[in-house]
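Hydrogens, waters and symmetry mates are skipped; everything else that's a heavy atom, side chains included, is used.
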Amino acid sequence: MLGKIFENLLEDNKDKGAFYTPKEIVRYMCQESLIAYLETNTSVAKDKIRQFVLSPEEGVADIPENKKPKLLAALEEVKICDPAIGSGAFPMGLLNELLHCREVLSGEHYDRAEIKKSIIQNNIYGVDIEKGAVDIARLRFWLSIVVDEETPSPLPNLDYKIMQGNSLIESFMGVDLSKLTYEKENKNDKGELSLFDDEKNHLQKIVTHLLSNYYSCSDHDRKIKLQKEIADTINKQLEAQSYNSAILNELKKINPAENNNFFLWHTWFSDVFNRDDKEGFDIVIGNPPYVVVSDVDKERLYYKYKTKNCLELYSYFFEHSINILHHNGVLSFITGSLYTKGIKFEPLRIFLENNSQLIAYRNEGDEVFKNVNMPTSTILLYKSNIHNWSFDDLLGNSKNILAKMNASSKPLSSISIMQRGFEVGRDRVSKVEGKYRFLTGSNIEKYCYKTISYVNQDVVTEFQKDAIFYTGERLLIRETGSYLTVVYLDENLYCNRSLYSTIIKDSMFKVQYVVGILNSKAIQYYYQQKFKAETELFPKIRIKQAKQLPIPVASLTEQQLIVALIEQIRTSKKMAPNNSIENIAREIDKIVYQLYGLTDAEIKIIEQSI
């Protein structure tokens with residue numbers, strides 16, 4: 001019920017990148033995360049773990065009796081966080097999964113409400129920059145307890161479990177605030193106060209004990225007193241750090257437990273980072289916000305992130321979430337899927353390949369979120385420094401085909417130079433005959449241009465780039481469209497920014513031959529698998545991607561076969577622009593397949609996917 005209420009509230013928060021995740025996807029992510037966690041934290045066989053999580057009542061029968069205590073302990077000890085908690089859908093989902101699993105392991109006599117309280121107190125953590133979201137998430141957890149209580153009892157205090165803050169930042173004015181927490185002297189340090197503690201460790205242990213006492217406190221006056229003691233101790237911690245007085249004064253103006261400037265992960269959730277055998281969460285799960293980051297904020301707020309140049313908030317959530325997991329911890333996110341292929345997301349792909357192992361990846365389509373068209377996917381990862389996968393693995397069978405195409409080729413960048421056309425607006429381009437002939441993306445089709453536009457002298461004077469790209473033999477690649485469209489030119493024509501003018505500099509490659517390759521089904525397949533997002537929403541090929549397209553090395557005799565076919569196309573189109581070139585294009589495709597050395601089975605895969 002509250003999830004639906006929050007979904008309606010989000011209508012006002014879409015500009016902040018918040019969207020409500022469908023419950024079937026939430027359940028999938030929660031179950032898969034729990035399965036992945038239990039697989040690495042118990043000795044139960046993987047197939048039995050999966051069956052148990054997906055259907056606890058049936059699966060428990062296949063769990064050996066001697067392994068049930070360890071399985072129950074793993075469920076009781078798991079630490080779960082949603083760093084952009086929103087309405088609490090993901091932690092609530094995991095609360096239900098943990099509850100079902102623990103119930104069947106607890107025998108005939110157990111208190112359902114008490115198990116829920118235990119999960120909320122010991123297993124669930126959440127942060128959100130929006131105070132309203134935090135309030136709703138807390139309310140959902142409280143109501144989940146109330147519905148199972150036969151006799152009403154005081155509800156747990158969630159002020160320091162589900163908290164407001166900026167999840168991505170644990171610093172202020174350049175000062176690292178993660179060091180407020182104490183560091184264990186040895187494994188025997190259980191967090192108890194000691195005469196041998198230095199001031200910083202002593203203060204953090206006081207905070208930890210105060211937080212523990214606060215959770216179950218039901219006396220209003222006592223709660224107020226504990227809140228004050230916690231705040232005072234945090235201020236003492238700040239003073240103990242010997243910060244610059246100006247920074248310290250600014251810090252004291254901010255409520256460290258409720259603000260949108262930073263979040264003290266290692267202070268508020270110190271029990272997670274100071275465990276005997278783990279430092280960090282077991283599961284981080286969520287739907288991080290979809291917000292484009294400005295260059296100013298990148299340098300002001302996110303300058304420490306390796307993924308800062310992605311300029312997307314969810315990229316930083318990926319990086320930060322990996323960092324707050326312990327080794328082998330599980331990350332489960334639903335986000336836009338453009339990061340798997342997009343150029344600007346290369347730093348994120350490198351970071352994830354170097355710091356995680358892939359568990360599962362699934363495309364969820366363009367219409368996951370209500371009234372929002374956005375290519376979306378879910379991904380599950382283990383935190384790991386073993387580099388044994390790449391995003392190319394998501395290509396499946398096509399990976400081998402692409403590798404074969406690369407092996408017999410040179411990238412387009414190595415045989416050509418390329419430049420985008422005029423950066424001129426549509427209002428300066430006319431269909432009425434003018435002084436200079438001009439091409440836009442809408443003027444061209446494969447191999448030839450079908451119509452012509454015009455510009456006047458003022459446009460040429462204002463926007464002209466290197467003249468070499470608008471004269472002589474060359475090719476144009478259209479930026480937008482689901483299919484690669486390349487036209488051959490041997491005349492003087494200007495073009496706009498939606499066309500990449502390309503000059504072949506290597507004399508071993510004929511221009512028309514390259515045009516035939518780039519218009520072929522084989523290259524279309526390469527483009528779709530390697531670069532094209534899983535969406536039809538504003539598809540584009542970027543210059544950097546176009547430069548990577550593989551052009552097979554061929555003898556001049558082999559190239560001439562394609563050149564002759566393209567001349568047939570040009571002749572046919574000059575005679576009648578509507579003439580079909582399908583049969584000729586099919587002949588070009590056959591030659592291109594041979595040049596790449598593709599087998600009949602590989603050709604069939606390509607043909608069926610185009």
Side-chain angles (χ1 to χ4, degrees), residues 13 15-19 79-86 88 90-91 125-134 137 160-181 247 250-251 254-270 272-273 279-281 283-326 329 331-336 339 344-345 347-352 355-356 379 381 383:
N13 278 345
D15 61 328
K16 299 171 184 174
F19 300 102
K79 300 293 186 183
I80 299 161
C81 181
D82 185 339
I85 196 169
F90 290 99
Y125 302 78
V127 185
D128 202 284
I129 200 167
E130 295 294 327
K131 180 65 166 62
V134 169
Y160 300 103
K161 294 287 293 181
I162 311 297
M163 303 185 68
Q164 183 193 6
N166 187 335
S167 294
L168 297 174
I169 298 174
E170 196 171 7
S171 62
F172 183 74
M173 296 177 68
V175 173
D176 183 1
L177 299 178
S178 67
K179 303 303 182 183
L180 296 182
T181 188
I247 295 176
E250 290 300 315
L251 268 172
I254 299 172
N255 181 353
E258 192 175 272
N259 69 84
N260 57 14
N261 296 289
F262 55 79
F263 184 72
L264 303 178
W265 287 95
H266 293 80
T267 296
W268 302 128
F269 300 157
S270 61
V272 174
F273 295 96
E279 294 183 3
F281 290 96
I283 297 173
V284 174
I285 188 169
N287 175 10
Y290 301 80
V291 176
V292 176
V293 178
S294 69
D295 284 320
V296 173
D297 281 347
K298 177 189 77 171
E299 298 301 336
R300 183 174 67 92
L301 299 174
Y302 308 112
Y303 56 91
K304 289 186 177 180
Y305 280 84
K306 295 178 181 178
T307 57
K308 66 177 184 178
N309 288 328
C310 295
L311 295 177
E312 289 277 356
L313 215 56
Y314 76 77
S315 296
Y316 309 155
F317 270 93
F318 264 114
E319 181 175 344
H320 184 67
S321 297
I322 289 289
N323 289 337
I324 61 175
L325 283 167
H326 75 81
L331 174 62
S332 179
F333 269 1
I334 177 169
T335 66
Y339 73 94
K344 76 172 185 176
F345 292 102
L348 175 60
R349 291 195 293 274
I350 292 172
F351 177 83
L352 293 177
N355 293 279
S356 70
I379 191 168
L381 302 160
K383 179 177 180 176

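- You'll find the side chain of Ile169 stays beyond 4.5 Å of the side chain of Asn261, heavy atoms only.
- Looking only at distances, a side-chain donor or acceptor of Asn259 sits under 3.5 Å from a matching main-chain atom of Phe262.
- For the pair Glu319 (side chain) and Lys306 (backbone), a donor-acceptor distance under 3.5 Å is present.
- Remark: side-chain polar atoms of Thr307 are not paired, donor with acceptor, to backbone N or O of Cys310 under 3.5 angstrom.
- Side-chain contact annotation: Tyr316 with Lys308, donor-acceptor N/O pair under 3.5 Å absent.
- Under the 3.5 Å distance criterion, the side-chain polar atoms of His320 are matched with a main-chain donor or acceptor of Ser167.
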Legend entry - Working for side chain to side chain contact (heavy atoms under 4.5 Å, CB included), residues Leu251 and Leu177: CA-CA 11 Å; Leu251 268 172; Leu177 299 178; 4.2 Å; yes
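- Taking 4.5 Å as the limit, some side-chain heavy atom of Pro288 sits within range of a side-chain heavy atom of Thr335.
- A donor-acceptor distance shorter than 3.5 angstrom exists from the side chain of Asp128 to the backbone of Gly86, with no hydrogens or angles considered.
- For the pair Lys131/Glu258, a side-chain contact is recorded, criterion being any heavy-atom separation below 4.5 Å from C-beta on.
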Inset, instruction - Apply the test side chain to side chain contact (heavy atoms under 4.5 Å, CB included) to residues Asn260 and Asn166: give CA-CA distance (whole Å), side-chain angles for both, the deciding distance (0.1 Å), then the verdict. - result: CA-CA 5 Å; Asn260 57 14; Asn166 187 335; 5.6 Å; no
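- No more than 12 heavy atoms of other residues, nucleotides or ligands shown are found within 6.0 angstrom of CD on Glu279.
- Side-chain contact check for Tyr314 versus Asn287: every heavy-atom pair is 4.5 Å or farther apart.
- Under the 4.5 Å side-chain criterion, counting only non-hydrogen atoms from C-beta, Phe281 is in contact with Phe269.
- Closest heavy-atom contact between Pro83 and Phe333: CG-CZ, 4.4 Å.
- Atom CG of Asp176 is separated from atom NE2 of His266 by 8.5 Å, given to the nearest 0.5 angstrom.
- Lys344 and Asn309 form no side-chain donor-acceptor contact under 3.5 Å, judged by distance and modelled atom types alone.
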Inset, instruction - Would you check, one step at a time, whether the test side chain to side chain contact (heavy atoms under 4.5 Å, CB included) holds for Leu168 with Tyr305? - result: CA-CA 10 Å; Leu168 297 174; Tyr305 280 84; 3.5 Å; yes
Inset, instruction - Take Phe90 and Ile85, measure what side chain to side chain contact (heavy atoms under 4.5 Å, CB included) needs, and give me the verdict at the end. - result: CA-CA 8 Å; Phe90 290 99; Ile85 196 169; over 6 Å; no
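- For the pair Phe318/Tyr339, a side-chain contact is recorded, criterion being any heavy-atom separation below 4.5 Å from C-beta on.
- Between Ser315 and Phe345, some side-chain heavy-atom pair lies under the 4.5 Å cut-off.
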Inset, instruction - Please assess Lys79 against Tyr125 for the test side-chain hydrogen bond (donor to acceptor under 3.5 Å, both in side chains), listing each intermediate value before the final yes or no. - result: CA-CA 8 Å; Lys79 300 293 186 183; Tyr125 302 78; 3.1 Å; yes
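- No donor-acceptor pair under 3.5 Å is formed between the side chain of Asp297 and the backbone N or O of Val293.
- Contact check for Ile322 versus Ser356: side-chain heavy atoms found under the 4.5 Å cut-off.
- When atom types are taken as modelled, the side chain of Glu170 and the backbone of Trp265 share a donor-acceptor pair closer than 3.5 angstrom.
- Considering Leu331, Ile285, Asp82 as possible partners of Ser321, the one that fulfils the side-chain contact (heavy atoms from CB on, under 4.5 Å) test is Leu331.
- To the nearest 0.5 angstrom, Tyr303 atom OH is 5.0 Å from Ser171 atom OG.
- With values rounded to the nearest 0.5 angstrom, Ser332 atom OG is found 9.5 Å from Ile379 atom CD1.
- Nearest heavy atoms, Ala257 versus Tyr160: CB-CE2, 3.9 Å.
- The shortest non-hydrogen separation linking Lys383 to Asn323 is NZ-O, 3.5 Å.
- For the atom pair CZ (Arg300) and NZ (Lys298), the distance works out to 14.0 Å, reported to the nearest 0.5 Å.
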